[in-house]
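See below for the structure under consideration.
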Amino acid sequence: MREYVRAALLIAAKDMRIEWRSREILSIMALFGVLAIFIFNFALDLSPVDRRAVTPGLLWVMILFAALLGLNRSFAREQDQAAVAALMLVPVDRSAIYVGKFLSTFLFLVAVEVVVVPLFAAMFTVSIPLLMLVPLLLGTLGIAIIGTLFAAMSTNTRLRDVLLPVLVMPLLVPVVIAGVNTGRIIMDGNSLWQEGRRWLLILAAFDVLFFTVSVLLFDFVLEE
Amino acid sequence: MIEIENLHKQFGHHRVLRGVSLTIAEGQFLTLFGPNGAGKTTLLKIIATLSRPTRGHVRLNGYELRSDWTEARRALGMVSHQSLLYPDLTLHENLHFFARLYAVPDAEQRIQQVLNQVGLAHRAHDPVRTFSRGMVQRATIARAILHDPLILLLDEPFTGLDEGAAERFADLLAETARRGRTIIMTTHNLEQGLALCDRVAILTEGKIVYDAPRDAHTLDEWRAFYRRYVGGAHA
């Protein structure tokens, strides 16, 4: 187990080191997020009441699309010189590769959210309470869990850039619905625990279920 | 020791391997010739646990590939025509990463040792993407031998190397073979393949059609076999 955790952490650290050097994934995702905020802001003329109703949805759409851009690159990096084959040769259960890639993807998404969520709040002049971190983190976990598995699946296909969003978006519908609903409850000033509990449970259950499935399936995803 | 028993691999209706059986003794260097599409890479990928056989068994040093994969993979090193390295990391960072994944004891010392062995100590802190093709291939073998594997799988390792780089690479392989490692190498170059190995097998249409010690024939006889089973272009 120690070797497994170590391998996963090493893979995540390696991804972060490469990203620190190239800034390829973070810059693309952050730039997309910023552009999306500006476009939404110019395109929609929202009253204060509308804003509270609409902004949670806009926020999740922006996060989802920005994530899809980064997810494609995350596994393409492993395929550049077939480095994933070297990882597969390591005498550790291959799901450790998944866990490592998932961790780095999650951290990249969080880093982008740290930049774009405050900007989003400023541009739409809405206050986003700290409590919003709970559904944001649970939802981001879900995006990273599903995204990492399907990025690995689609990376060897000719149509990977198109295929990944087509595969991932339908599966992430529950995350978006639950994320948007908890967002509305929080922004309306209602109690997240009393009114949003079932949405949070959906997010948490989604994460646990798909993380388990992904870990179990990953070996088959990688092998020919 | 590598024991391959009645190995089959099928992609849809396409049968790539059709009952390959081979036993390669410890310390033996086998060169595998075969035309494109014969199944050489698929065979190496199955031995390396990168692909599942449809049917059949492979044992590495007595370890069944499917059930004892930890021990089997620990014994394996692989070199292919792709580097299996991260171009954005330096060679040292790449080797350090893999050394830690393999839990290599005294990792720093071992990294220096393999860097000296492949003659790349002076470029250790340069990103791999700045290397020439020959240097990348030497870096590849540094990664493959880092954990001192008992078995080396080489999939067309000379692809893209100029004459000088190929010679240096061949010396490196010869030295590895002298250290008693079991090696399987696929190549299209008859002379290079024969110069290094002590046994030759020819794979055609997913079957081993010829298997003999290298010294069993003269170079001209091997050329004739090669032309008959593989084709004349490289003989």
Side-chain angles (χ1 to χ4, degrees), chain A residues 1-27 73-101 103-104 152 155-157 217-224, chain B residues 9-11 16 41-42 44-54 63 66 68-90 93-104 127-129 131 136-137 139-140 143-144 146-147 149 151 153 155:
Chain A
M1 191 63 191
R2 230 179 90 199
E3 281 173 16
Y4 183 95
V5 173
R6 212 167 69 104
L9 291 176
L10 280 169
I11 290 166
K14 177 267 299 169
D15 278 354
M16 281 186 273
R17 185 187 285 264
I18 294 176
E19 185 55 31
W20 179 251
R21 204 155 290 168
S22 68
R23 292 189 177 88
E24 218 177 40
I25 295 173
L26 285 177
S27 58
R73 270 312 295 160
S74 158
F75 247 91
R77 216 172 243 173
E78 299 297 337
Q79 294 293 346
D80 273 352
Q81 279 301 316
V84 71
L87 294 182
M88 289 167 72
L89 286 167
V90 172
V92 176
D93 191 291
R94 283 176 183 156
S95 60
I97 303 173
Y98 171 80
V99 176
K101 298 298 292 181
L103 264 178
S104 60
T155 193
N156 274 329
T157 61
L217 285 182
F218 198 67
D219 198 3
F220 298 96
V221 168
L222 283 184
E223 278 194 25
E224 281 177 3
Chain B
K9 178 71 184 182
Q10 205 164 333
F11 292 106
V16 181
T41 299
T42 304
L44 290 197
K45 279 185 170 176
I46 291 173
I47 298 170
T49 73
L50 298 177
S51 180
R52 260 171 232 270
T54 309
Y63 296 111
R66 282 292 136 202
D68 304 320
W69 54 263
T70 316
E71 292 309 319
R73 281 191 213 148
R74 211 182 294 280
L76 272 172
M78 189 174 191
V79 174
S80 79
H81 42 274
Q82 285 181 293
S83 72
L84 317 193
L85 293 166
Y86 295 97
D88 286 327
L89 296 181
T90 66
E93 285 168 342
N94 267 290
L95 295 179
H96 190 70
F97 171 62
F98 285 107
R100 292 189 72 189
L101 281 177
Y102 279 96
V104 173
V128 171
R129 71 181 137 74
F131 287 10
V136 167
Q137 206 59 342
T140 304
R143 180 200 45 74
L146 186 63
H147 59 292
I151 296 165
L153 305 174
D155 188 14

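To find a chain, count down the sequence lines: A is the first, B the second, and so on, and within it residues start at 1.
- Between B:Trp69 and A:Val92, every side-chain heavy-atom pair lies at or beyond the 4.5 Å cut-off.
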Start with the C-alpha gap between A:Leu10 and B:Phe98, add the side-chain angles, then the distance that decides, and say whether side-chain contact (heavy atoms from CB on, under 4.5 Å) holds. CA-CA 9 Å; A:Leu10 280 169; B:Phe98 285 107; over 6 Å; no

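- Shown here is A:Glu24, whose CD atom has more than 12 heavy atoms of other residues, nucleotides or ligands within 6.0 Å.
- Between the side chain of B:Arg73 and the main chain of A:Val90, a donor-acceptor pair closer than 3.5 Å is present.
- Atom CG in A:Leu222 sits 9.5 Å away from atom CG in B:Leu50 (nearest 0.5 Å).
- Nearest heavy-atom pair across A:Lys14 and B:Tyr86 is NZ-OH, 3.3 Å.
- Only the backbone of B:Leu85 comes within contact range of chain A, with at least one heavy atom under 4.5 Å from a heavy atom of that chain.
- Looking only at side-chain heavy atoms (C-beta outward), B:Leu101 and A:Leu87 come within less than 4.5 Å of each other.
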What do the steps show when you test B:Leu84 against A:Gln81 for side-chain contact (heavy atoms from CB on, under 4.5 Å), and what is the final call? CA-CA 5 Å; B:Leu84 317 193; A:Gln81 279 301 316; over 6 Å; no

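- Note: A:Leu89 leads A:Leu89, A:Ile18, A:Ile11 in heavy-atom pairs under 4.5 Å with chain B.
- With chain B as partner, the option from A:Ala13, A:Ala83, A:Ala7 having the largest number of non-hydrogen pairs under 4.5 angstrom is A:Ala83.
- Side-chain contact of B:Thr49 with A:Arg94: a donor-acceptor pair under 3.5 Å is present, judged by distance alone.
- Of all non-hydrogen atoms in B:Tyr102 and A:Ala86, the two that sit nearest each other are OH-O, 4.5 Å.
- At a 4.5 Å heavy-atom cutoff, the contact between B:Glu93 and chain A is made by side-chain atoms alone.
- One finds the CE atom of A:Met88 at 10.5 Å from the CE atom of B:Met78 (value rounded to the nearest 0.5 Å).
- Within 6.0 Å of the CZ atom in A:Arg6, the count of heavy atoms belonging to other residues, nucleotides or ligands exceeds 12.
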Between A:Arg17 and B:Leu89, is the side-chain contact (heavy atoms from CB on, under 4.5 Å) condition met? List the steps. CA-CA 8 Å; A:Arg17 185 187 285 264; B:Leu89 296 181; 3.6 Å; yes

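- The 12-atom threshold is not exceeded at CZ of B:Arg100, counting heavy atoms of other residues, nucleotides or ligands nearer than 6.0 Å.
- Contact record, A:Asp219 with B:Arg52: OD2-NH2, 3.8 Å, taken as the closest heavy-atom pair.
- Chain A forms more heavy-atom pairs under 4.5 Å with one residue of B:Ala48, B:Ser83, B:Ala103 than with any other, namely B:Ser83.
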